[in-house]
Amino acid sequence: MTLRADGRLLEFDGVSQRYPSPTDRAADFVAVRDITLQIPAGEFVSVVGPTGCGKSTLLSAISGLRPASEGQVRIGGDVVTGIRSDVGFIFQQDALLPWRTALQNVELGLRFRGLPRAAARDWLARVGLAEFEDRYPHQLSGGMRKRVAVASTLVYEPDILLMDEPFSALDIQTRTLMENDLLHVWEEAGKNTVIFVTHDLEEAIGMSDRILVMTASPGRILGDYRVDLPRPRDLLEVKMTDEFAEIYRAIWKDLSGEVIAANKLRIPGAVGT
């Protein structure tokens, strides 16, 4: 891929996503509205906001799984019109094939792209699973399966990595270990662009260079925060710093109001609905 001269990799230009009503256009559901932003290559960006604000919709627009209804998403200056081979996607639930071993699952993305499969074994080693390459998903713990999913995506070196609440199903100890592992692998692999959706503000601050706060539905960008914490980071240590607490308080001022507004929208008869 050839990046634009200014190094900008990912752009949203007036993006809205509409889900049509089968009977009445006035009743269409607008998930996100008028999103305009730029994300330079190599940034780790988290997206936070209340349930239903369109965080996952943004990922679908970037990946081409559901191109924008209005406006444009551009990668390296090219408009996204369909699924792209330079974008990787890690979902909340791992998408491993149960009849394939850990190694075979990692090899799959290379196979589909016609790439040599030799790198698969190296990537399993990078995520600490060199001794488990012959195990099937049901023989692995939740954290191990997530490591396989990470290796399966990073093995083909996507320019952009999309992650939709990838660790939410893990227990808190495993989750923290996986967050640290991901940061280590990401830095070691050369820091491709990451768009990370999460409901956990602490997770977002600990991992990110930048955090986007979205409004209640229809989702718009309410806040855009820099996270100027030094890298490399140990997430257990960085959460104890005054700088972390200061960033948390600043972002929560925006986020808390949107969470309350979203809850009012979902509760019949609530004030303000």
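Note: hydrogens, waters and symmetry copies are ignored here, and every other heavy atom, side chains too, is used.
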Inset, instruction - Would you mind telling me which of Leu201, Val48, Ile221, Val47 makes a side chain to side chain contact (heavy atoms under 4.5 Å, CB included) with Val213? - result: Val48
Inset, instruction - Using a strict cut-off of less than 4.0 Å between a Lys/Arg side-chain nitrogen and an Asp/Glu carboxylate oxygen, indicate whether Lys239 and Glu203 qualify as a salt bridge. - result: no
Inset, instruction - Give a yes or no answer on whether the side chain of Glu188 reaches the backbone of Val185 with a donor-acceptor pair at less than 3.5 Å. - result: no
Inset, instruction - Please examine the side chains of Leu108 and Leu97, heavy atoms only from C-beta on, and report whether any two atoms are closer than 4.5 Å. - result: yes
Inset, instruction - For the pair Arg145 (side chain) and Leu140 (backbone), establish whether a donor and an acceptor sit closer than 3.5 Å, ignoring hydrogens and angles. - result: yes
Legend entry - No-hydrogen, no-angle side-chain donor-acceptor test under 3.5 Å, Glu258 and Thr215: no
Legend entry - Same cluster (ILVMFWY, side-chain, under 4.5 Å), Leu229 and Leu236: no
Inset, instruction - Using a strict cut-off of less than 4.0 Å between a Lys/Arg side-chain nitrogen and an Asp/Glu carboxylate oxygen, indicate whether Asp94 and Lys146 qualify as a salt bridge. - result: no
Inset, instruction - Could you tell me whether a side-chain N or O of Asn192 sits under 3.5 Å from a main-chain N or O of Pro158, the two making a donor and an acceptor? - result: yes
Inset, instruction - State whether the side chain of Thr241 and the backbone N or O of Glu237 hold a donor-acceptor pair below 3.5 Å, judged by distance alone. - result: no
Inset, instruction - Flag the pair Arg74 and Asp78 as a salt bridge only when some basic side-chain nitrogen lies within less than 4.0 angstrom of an acidic carboxylate oxygen. - result: no
Inset, instruction - Indicate yes or no for a side-chain donor-acceptor contact from Thr174 to the backbone of Leu170 under 3.5 Å, with no hydrogens or angles considered. - result: no
Inset, instruction - Using modelled atom types only, decide if a donor and an acceptor are shared between the side chain of Ser217 and the backbone of Gly219 within a distance under 3.5 Å. - result: no
Inset, instruction - Look at the side chain of Asn180 and the backbone N and O of Leu235, then say whether any donor-acceptor pair between them is shorter than 3.5 Å. - result: yes
Legend entry - Side-chain donor/acceptor of Thr101 to backbone N/O of Gln104, under 3.5 Å: yes
Legend entry - Leu65 backbone acceptor or donor facing Ser60 side chain under 3.5 Å: no
Inset, instruction - For Ser69 and Gln17, test the side chains for any donor-to-acceptor distance below 3.5 angstrom and give the result as yes or no. - result: yes
Legend entry - Contacts of Arg231 that satisfy side chain to side chain contact (heavy atoms under 4.5 Å, CB included) - sequence neighbours left out: Phe44, Leu183, Trp186, Glu187, Lys191, Asp209, Arg233
Inset, instruction - Would you please name every residue forming a salt bridge (Lys or Arg N to Asp or Glu O under 4.0 Å) with Asp234, sequence neighbours left out? - result: none
Legend entry - N/O donor-acceptor pair under 3.5 Å between Tyr248 side chain and Glu243 backbone: no
Inset, instruction - May I ask you to say whether Lys55 pairs ionically with Asp164, meaning some side-chain N is under 4.0 Å from a carboxylate O? - result: no
